[in-house]
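Whatever order the structure lists them in is the order used to number ligands and atoms, beginning at 1.
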Amino acid sequence: MQRRNFLKLGAMTPLLSNVTAINLMADDMGKELVKNGEIFTAAKWGMLKVGVKDGKAVGSTPYQKTSDVKNHLQTFTHDLIYNSRIKYPMVRKSYLENPDSPKPELRGKDEWIRVRYEDAIKLVARELKKTRKAKGIQSVFAGSYGWKSSGNIHNSRTLLHRFMNLSGGYVGYTGDYSTGASQVIMPHVMGSIEVYEQQTSWPVVLNNSKVVVFWGANPITTLSVGFSSSDEQGFKYLEDLKKRADIKVIVIDPIKSETAQYFDKSKWIAPRPNTDVAMMLGMAHYLYTSGKFNKDFIDTYTVGFDKFLPYLLGKTDGTPKTLEWASKICGIKEDVIKELADVLIDNRSMIMSGWAIQRADHGEQAHWMLVTLASMIGQIGLEGGGFGLSYHYANGGNPTCKGAVIGGINRGDIGRIDKNGEFIGTANGVIDANGKFIPGSTPLIKGEIDWAVEAKKYTFPIARIVDVLLNPGKVIDHDGRKVTYPDIDFIYWVGGNPIVHHQDTNVLIKAWQKPRTIVVHDPYWTPSAKMADIVFPITTQYERNDMTMTGDYSNDHIAPMKQVVEKYAEAKDDYQIFTDLCKAYAKNLVMAYTDNGKDEFDWIKSFYNDAYDKILAIPELASEMKPFDEFWKENKPVKFYSTPESEAWVRHAEFRQDPILNPLGTPSGLIEIYSETIEKMGYDDCAAHPMWYEPVEWLGMSDKPAQLHMLSVHSPYRLHSQLNQTSLRDTYAVAGREPIWINTKDAKAKGIKNGDLVRVFNSRGEVLAGAVITDNVIPGVVRLAQGAWYDGFDAGLCKNGNSNVLTIDKATSKLSNGNISQTALVNIEKFKGEAPKLTAFSEPKFA
Ligand code: PGD
């Protein structure tokens, strides 16, 4: 940053106005901590400047301004450093008293005891060894799902996997909570995963599309974050789109989302939740029967339309999927559905779909039917036409840059520990006579169990974790194969908040009582930390040195993440803890774990230098990067740029040009509207072509167990559960609780007023929330965002409005076993009596 610009930015920033500017210059920033100044870093919510005064963080501001859209998450770094922190290693009282009979039913209620760090390390090493010895590899679950924080070295989940692999293996998972259904169905249909892939570039969309549809997508909220670190370009493209009067924007969503509100001239079509497939079928029926559909595209680029047609026309089940039929299910008038189909086929149209519609019962069908509809429209592979499943995520469509991508720490191989408790090597390396780890292949000793194979055998779809804990040994179907549930007795979780993110919390809490040991690493007293036996206080990303790329698809910067403040209380890096665990677990293990003693700077430097070498080999880019020491001292990101080719990039263009030379990865090489692979699986809940299935709970069912459909969307004010404990919450909480949107008519019928404390409940549980009365949600629907920290250990009801207390823990289908968090009916009433005190962000009881 130029000194001039830097001072200008500083002056504009009230939070940082007291910072002594003289101390801020990059030249002063080496490896020493800066006590007064401004430090560059990058978080999931973009690149930041964090102000420090007398060694304390005092606020943060965005490093770059790409648009006028506000990213709410960027200015609360100081609260992330100081609020709700775990100060010391702690062990749950009953566990410490007797780890063999630790009273798991007291998890979440028991008192905690502070222990010395060295003792906590010894305890974990001893109990892990004990469990592995008594119950085998299947008893240790260390999949550890979660969004953690940015950084390629302090990557908590990979660090855990590295420790668990090298020390003997663990059970992991497949899939995720984001795209559980789509990431399994899409490879059968499109031959690729689609949901985590680069999209047709935004410049192409803006130059060619005449219609842009956000189908169940809310990018104005979800583009606040990226998995590495947001490149923040998505908002800029949305801003460009808004300025274009010649491009029609349509938002399809039961909620007038932040995106629908931002595009104030857009058309808002609001179907009943979970009925999009019916609406799409109605459109498909109309396009077919009117002869408007693109027959050439269907004939050239797809297979199986002929087998889907009898279902569409009602020949197989006696129900033609007419506009009238669709309208009755989705609640949208026939002429609106017809007009939508006409607009899409008469214009160059890009359908940008989010993932919520597949996070529902039979979620596979939503994107399968979307692809079928897009095939009938026939614009896939054309400039600005077709569909995209990742425009709302990590700034998909921001063109990929030419540059270098930095590496990160890896999971390591499965290690071997001999009878004397010494680590002797992995399939790819041995410990030499001097105790150094030397890479090189050593075959498994004859007769020894191949832990890699053993671990893989028990890998299960992550959203089934409660079913796994409650039913060890059960065999389920998954994507054409059988999965045997492991018998889990030891859970190690880092970088995630399962008690908040999993569905049907009350059953989850019961299942969480099954294992003998639960270890959690987290900076904060999250509900998942409170439900553990042993917790380690972890540094936030602002208390350690690291590095990240920005832009999951664009890779537009290498961003240094220089330590901002001293480590909080007794907090330690995950890397430090696993290094110490290795030492306690087996002789020489630490050498493989640390690659013979590397510290964080050694890793940072080696990843940077690998990237630097690649850049030096590209003459036109050679000046973009500097030697490591200069880069680190300068404390600013390296920027890479898109190319004419990446700006003109069109997804599936090559396939469209020549489907024989450039086939898709499906068995036929074409888009599979009918999949023989899925047909062979013979599942009763996922047929071989897209279909409308009634969700287990929805507004159109005859015997509704509750009245309103709850959508547990992603909050504009959090990243999942992250930032719930910051003062950002003060700006959105209602009646001191998580806000719930209720339609004006529904609220009136129940005598609920704006700002009232309400009780939201169903047969699965109850939560408190604060009422927001609005017409931005259709009658019959309520919006309660996911991610509020569960606060019901003492009360039975969640005082902080965690929506997962009310959601259903059921698999989407046997095909993908994804979660169905957007399928749930609830009741609502005004809360009577004295409001219980919120304890979500307080420490638990200490002995
Ligand atoms: P986060 O809140 O991001 O949620 O679930 P996920 O578990 O990813 O949790 C990350 C945790 O990591 C935080 O507690 C944070 O403090 C901790 N952490 C951060 N940095 C570090 C570190 O360096 N080391 C360690 N040890 N810990 C760290 C998200 C999941 O929720 C997802 S991805 C989706 S898409 C789902 N969405 C929904 C939904 O739409 N609706 C409902 N009802 N439920 C959902 N659940 C799912």
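Annotation: cation-pi geometry not satisfied between Lys562 and Phe40 (NZ/CZ under 6.0 angstrom from ring centroid, within 45° of ring axis).
Considering only non-hydrogen protein atoms, atom 38 (C) of ligand 1 sits nearest to Gln786 NE2, 3.3 Å. Nearest protein heavy-atom neighbour of atom 32 (C) of ligand 1: His720 CE1, 3.5 Å.
Contacts of Ser149 with ligand 1, taken as heavy-atom pairs under 4.0 Å, involve both backbone and side chain. At a 4.0 Å heavy-atom cut-off, ligand 1 touches Asn497 through backbone and side chain alike.
Residue-ligand proximity: His502 is placed with every non-hydrogen atom at 4.0 Å or more from ligand 1. Heavy atoms of Phe536 come nearer than 4.0 angstrom to ligand 1 in no pair at all.
Polar contact with ligand 1: absent for Ser178 (N/O pair, distance under 3.5 Å). Where the criterion is an N or O separation shorter than 3.5 Å, residue side chain and backbone included, Gln722 meets it with respect to ligand 1. For a threshold of 3.5 Å applied to N or O pairs, the pair formed by Pro498 and ligand 1 contains no separation below that value. At least one N/O-N/O distance between Asp522 and ligand 1 falls below 3.5 Å. For ligand 1, none of its N or O atoms has an N or O atom of Tyr177 under 3.5 Å away.
Taking each of Asn804, Thr526, Val494, Thr807 in turn, the one with a heavy atom nearest to atom 44 (N) of ligand 1 proves to be Asn804. When the heavy-atom distances from atom 27 (N) of ligand 1 to Gly495, Ala571, Gly180 are ranked, the shortest goes to Gly495. For atom 23 (O) of ligand 1, the nearest non-hydrogen atom from the set Lys148, Arg544, His521, Gln541 comes from Arg544.
Pairs of residues two or more places apart, or lying in two chains, that qualify as salt bridge (Lys or Arg N to Asp or Glu O under 4.0 Å) and include a residue from residues 716-728 are Arg718-Glu738. Each salt bridge (Lys or Arg N to Asp or Glu O under 4.0 Å) pair with one or both residues in residues 801-810, not counting sequence neighbours, appears once here: Asp361-Lys810, Arg464-Asp809.
Below 4.0 Å from some heavy atom of Ser712 lie the following atoms of ligand 1, by number and element: 39 (C), 40 (O), 41 (N), 42 (C), 43 (N).
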